[in-house]
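The sequence lines fix the lettering, A, B, ..., with proteins before strands; numbering per chain opens at 1. Side chains are part of it too, since the values below use all heavy atoms of this structure and drop only hydrogens, waters and symmetry mates.
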2 protein chains.
Amino acid sequence: MRVTEPTSLGNDLLRSAARLSRWASRHASFDVPFAQARLLALLDELGPSRVSTLAAADHSSQPSITTQLHRLEAAGWVERAVDPDDARASLVSLTPAGKDALEDVRRARVAVLAPALDGLDGPALVRVRMAIDVLDELLAAAAEPPSHPTRKDG
Amino acid sequence: MRVTEPTSLGNDLLRSAARLSRWASRHASFDVPFAQARLLALLDELGPSRVSTLAAADHSSQPSITTQLHRLEAAGWVERAVDPDDARASLVSLTPAGKDALEDVRRARVAVLAPALDGLDGPALVRVRMAIDVLDELLAAAAEPPSHPTRKDG
DNA sequence: TGGACATGCATAGATTATCTATGTAATTTG
DNA sequence: CAAATTACATAGATAATCTATGCATGTCCA
């Protein structure tokens, strides 16, 4: 039994993660578009941040963040302040309305998975938590600049 | 310790799955656009299928599938045959070129996670496989019409 | 057997999400 | 201080998706 054969493993993991994400984004009902919700969550995690910091944390381009921020700003969900240390940069932070919007999104996302999670017993919930940890660890490992590179290219 | 508290669990799971997916789609280098790759994989799994079957399996709308199929067809990766049982319907299937393209995508996706997976030992790989199973089970449970409803609304 | 309704797919039109390339203003450096 | 760098914005393109709707084929029944 080579169920853990690395070759299929990466493929299977990405496929399953993508499917779950796709299903949730289709069935969770909240008004906030997906990318904006993602950015709200990121801002909540990081606190007031620069545009470029958000882009790096989101693994997206700086112009993508700029565009989304304009929408969030128009909705009154974020506000900008000039970075006191650098007049080129701005510090973006959530407004109270932004936090409310984020809470709405979270409730909707919890609700969409609740039917599946509610039937689970303790051990099953532990398995879910472990799965989350695996995803996070893999992403951290993958996104991290390789610490002990094989230097197959200089 | 309520690390398995269901409320945060759904949220955390969706967030982690979405982040991993996003990261992979940004870093995996293959020419095939994401949605087309997804459809190729689905066709490979299901074999010759109707448009509406693909839409249901992909949890997407029928017009979305139609659009993607047009592109796949233009690329020579799928072909259509009229369903002998129903002249309205078509049966879509992968061409050999389509299977080749799918293999390329798979290789690229494996490669993007390989640096993170290669460093893992046996038990860690088992954990990854378990995480995949959790994702699949949750999606199946969530997408399934509830089999034993609590009938809190009638 | 023929009309009414249902079904399978295509098209139209709009929105969101994203990228690369480039421009502008502020900062740092030699 | 001029040149290079950095932080962000803008331009322009493409992909992915949805809802609404149109057209052809199938089914059902009086």
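Under the 3.5 Å distance criterion, with hydrogens and angles disregarded, a donor-acceptor pair is assigned to the side chains of B:Gln62 and B:Thr66.
Distance from the side chain of B:Arg26 is smallest for C:dT20 among the nucleotides D:dT17, C:dT20, C:dG8.
Partners of B:Arg26 according to the side chain to side chain donor-acceptor pair (under 3.5 Å) rule, which considers only residues two or more places apart in sequence or in another chain, do not exist here. Checked against ring-ring contact (aromatic ring centres under 6.0 Å, His included), B:His70 has no partners two or more places apart in sequence or in another chain. Looking at residues two or more places apart in sequence or on another chain, you find a side chain to side chain contact (heavy atoms under 4.5 Å, CB included) between B:Ala24 and A:Leu14.
At whole-Å resolution of the value, CG in B:Asp31 and P in C:dC19 are 17 Å apart. As a whole-Å value, the separation of B:Asp85 CG from D:dG26 P is 10 Å.
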Handout entry: Heavy-atom protein contacts under 4.0 Å, nucleotides 9-16 of chain C, coded B base, S sugar-phosphate only, - none
Key = BBB----S
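For residues 30-47 of chain A, the salt bridge (Lys or Arg N to Asp or Glu O under 4.0 Å) pairs, not counting sequence neighbours, are A:Arg38-A:Asp58, A:Asp44-A:Arg106, A:Glu45-B:Arg15, A:Glu45-B:Arg19.
For the pair A:Ser61 and C:dC19, the criterion of a side-chain N or O lying under 4.0 Å from OP1 or OP2 is met. Residue B:Arg38 places none of its side-chain N or O atoms closer than 4.0 Å to OP1 or OP2 of D:dA15.
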Please table the atom pairs, donor to acceptor, closer than 3.5 Å between any side-chain atom in residues 91-100 of chain B and protein atoms at least two apart or in another chain.
unit_1: B:Thr95; atom_1: OG1; unit_2: B:Gly76; atom_2: O; d: 2.6
unit_1: B:Thr95; atom_1: OG1; unit_2: B:Trp77; atom_2: O; d: 3.2
unit_1: B:Thr95; atom_1: OG1; unit_2: B:Ala97; atom_2: N; d: 3.4
unit_1: B:Thr95; atom_1: OG1; unit_2: B:Gly98; atom_2: N; d: 3.0

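Comparing A:Ala87 and B:Arg22, the nucleotide of DNA chain C nearest to each residue sits closer to the 5' end for B:Arg22.
The residue A:Asp83 sits apart from the nucleic acid: no heavy atom pair falls under 4.0 Å.
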